[in-house]
Structure formats: C-alpha cells, structure tokens
Q: 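To start, I am sharing the structure in question, which I have written as structure tokens.
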Protein chains: 2
Amino acid sequence: MLNQVNTMKVRVKIWLDEDERIIFGEGVRNLLLAIQRTGSINRASEELNMSYRRAWEKIHRVEKRMGQTLVITQTGGAHGGGTSLTEVAREMLNRYDQLESEVTAFANKKFVELFGE
Amino acid sequence: MLNQVNTMKVRVKIWLDEDERIIFGEGVRNLLLAIQRTGSINRASEELNMSYRRAWEKIHRVEKRMGQTLVITQTGGAHGGGTSLTEVAREMLNRYDQLESEVTAFANKKFVELFGE
DNA sequence: TTGCGTTATGTTTTGCTGGGAATAACAAAT
DNA sequence: ATTTGTTATTCCCAGCAAAACATAACGCAA
C-alpha cells in the first residue's frame, strides 16, 4: 500500500533540555566542534556560514542555562586572541555524539522493520 | 563534573523525508489524529490552535509529496460536510507512532546510561 | 430560497529570527 | 605608537513564515 513511498528515509533530531529550553543540541555541537578545529569563534562561525554574533549568542545562552563554562576566550595578542574548549565542553561533546549516533542507528533499524518491504 | 545539569531530559524528534523534504512528521500526525477524532479539518485546527488555512496546506503538501490521498472530504450537506481519513493515512499513523515511541524509549534508556550518575 | 457549517483558496498584515554594519577593548609583535 | 585579528556588544533592517482577513462553492434542511 505504501510502496510508492519507499524512497523515504527516517530523520532524527536529538537534544537535551530543561523546562522546554534547549540545553544542548546539534547547533551548539557543530559550533563547539568548529571552535575546537579552528581555535576561534570567528573562524568557526565563518565555516558554518553563521554570523559571529549568532555563534557567540548561541554559546553563551547555553553556558547560562547549564551554569557551566564551555569556552575559554582570550582577546588580544599576536594573533588577536582565540577560543578553546573547557573540559566540560569536551565531555558534553563526547556524550552527546555517542547518544546521537546510537539513537540514529536504532531509528534506522526500526524504520526498515516498520516501513521496509 | 556534569552533576549540576542532571535535571536535563533528552528530547527526540522524528520525521520521514525524501530529498530533504518532510514527508511525514509530528505536525501532520497530530493533525490527522485530531481530524480522526473530530471529523472535520475545521474543528481539528481549532483544537490545535492552528488556522484552518495552515492545517489544510499542511495536509495537502504532504499528500502531494507522498503521491497519496490522506483525507476524504465532503462539502455541503446537513452539517456542512466533513473530513475522514483514508486507509493509507491510518496505516501511516500506526507505523509512525510505533517508530516514534520505540525510538523515544530507546533514547531515554541511552540517555540515562550516558548522563545518569 | 435562505441559512448553516464545512471545504477551498487568494490576498494582506504582522511578528520574529537572523544578518550585517558599526564600535570598542584587548594584547602581542614590530 | 601602529598594526593586527580576535572577542564582545549594540542597533537597525530584511526576509520569511505564520496569522488574519476575505470570499466562493457546496448541499442538506427548514
């Protein structure tokens, strides 16, 4: 009956929240990874085609909600400064990534069971 | 280290898509359920605090993308008409709900494993 | 033949999110 | 002192998505 729609895929989005407020999701995850890779919020936001302002807001909103510091910033200096991640941020990244990949794998398996021919 | 943030919950959103276009998600699911319950798009949209316009567009966009008819509508008559679901719609609802509940349960279990104390 | 409640659809208005420009502070190197 | 590239923050504007408004058609009942 549904064989005309069997090129569908299942998609999953996962986030952590507290009182309906997003604490940690895909957006911050990507941002933190880019900061880790580039060493600066500025370059990270460019990579993600996001304005610096938005990137900055995103991070600090999450920091406020978590009551945790996620980034260590330094202004001035030879290369203008930069930003690196705290241990807490790295830990969150690890756990979130694991959660995300396991749930996604499970969803794909179930999807095939339920919608596959 | 993350014990200050242990009132968090994990949230999951699941949808079916084809070429980055949403085919079937939470929105249409709720709408179809409300139509099933009320027998009319009009009353369903009121229940969901959504404009009739938007409800109607949502349904027909999905119908177009699936190439399937989801609702049977009737205009005029004693009570003005009404709308009921097709067999395809009911089948989609069943499978989607099952997928959604199983994945959500799995996500909650994994979340406790990864973020619980 | 008028009224009613529904489907169906076009047009206008509103509100909000995100982007961009602008500006300041900072500290190392030269 | 000047240059440099970053963080930090304010303000205004555009674009888009949702809401609101408007209108037509339909068919049964009275």
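Within every chain, numbering begins at 1; the chains are lettered A, B, ... in the order of the sequence lines, protein sequences first and strands thereafter.
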Q: Reckon S51(A) has a side-chain N or O less than 4.0 Å from the OP1 or OP2 of dG19(C)?
A: yes
Q: Using whole Å, what does the distance between atom C1' of nucleotide dT7(D) and atom CD of E63(A) come to?
A: 13 Å
Q: Verify the contact: side-chain N or O of T73(B) to OP1 or OP2 of dA8(C), cut-off strictly under 4.0 Å; return yes or no.
A: yes
Q: So, is R53(B) close to the dA18(D) phosphate, meaning a side-chain N or O under 4.0 Å from OP1 or OP2?
A: no
Q: Given atom CD1 of I72(B) and atom P of dC26(D), what is their separation to the nearest angstrom?
A: 20 Å
Q: OP1 or OP2 of dT6(C) less than 4.0 angstrom from a side-chain nitrogen or oxygen of T83(B), does that happen here?
A: no
Q: Do any N or O atoms from the side chain of R65(B) and from the backbone of I22(B) form a donor-acceptor pair under 3.5 angstrom?
A: yes
Q: Taking atom P of dA17(D) as reference, at what distance in whole Å does atom CD of E57(B) sit?
A: 11 Å
Q: Rounded off to whole Å, could you give me the CZ-to-P distance for the R61(A) and dT17(C) pair?
A: 10 Å
Q: When you measure from the side chain of R90(A) to the backbone N and O of L85(A), does any donor-acceptor pair fall under 3.5 Å?
A: yes
Q: Does any N or O in the side chain of T38(B) come within less than 3.5 Å of the main-chain N or O of R43(B), such that one atom is a donor and the other an acceptor?
A: no
Q: How many Å lie between CD1 on I35(B) and P on dT6(C), as a whole number?
A: 13 Å
Q: Please report, rounded to the nearest Å, how far the P atom of dT9(C) is from the OH atom of Y52(B).
A: 9 Å
Q: Identify which nucleotide among dC26(C), dA8(C), dA28(C) has an atom closest to any side-chain atom of T75(A), counting heavy atoms from C-beta outward.
A: dC26(C)
Q: Quick check against the 3.5 Å criterion: does E63(B) have a side-chain atom that pairs as donor or acceptor with the backbone of V71(B)?
A: yes
Q: Measuring from the side chain of A78(B) (C-beta onward, heavy atoms only), which nucleotide among dT7(C), dT6(D), dC28(D) has the closest atom?
A: dC28(D)
Q: By nearest nucleotide on DNA chain C, pick out whichever of E46(B) and G77(A) is the more 5' one.
A: E46(B)
Q: Could you pull out the closest heavy-atom pair between Y96(A) and E26(A), with the gap in Å?
A: OH-N, 3.3 Å
Q: Rounding to an integer number of Å, can you tell me how far I59(B) CD1 sits from dA8(C) P?
A: 9 Å
Q: Quick check: on DNA chain C, is the nucleotide nearest W56(B) upstream (toward 5') of the one nearest N49(A), or the reverse? Name the residue that is more 5'.
A: W56(B)
Q: Between dC28(D) atom C1' and Q74(B) atom CD, what is the distance in whole Å?
A: 11 Å
Q: Please classify the nucleic acid contact of R43(A) as base, sugar-phosphate, or nothing, using heavy-atom distances under 4.0 Å.
A: sugar-phosphate
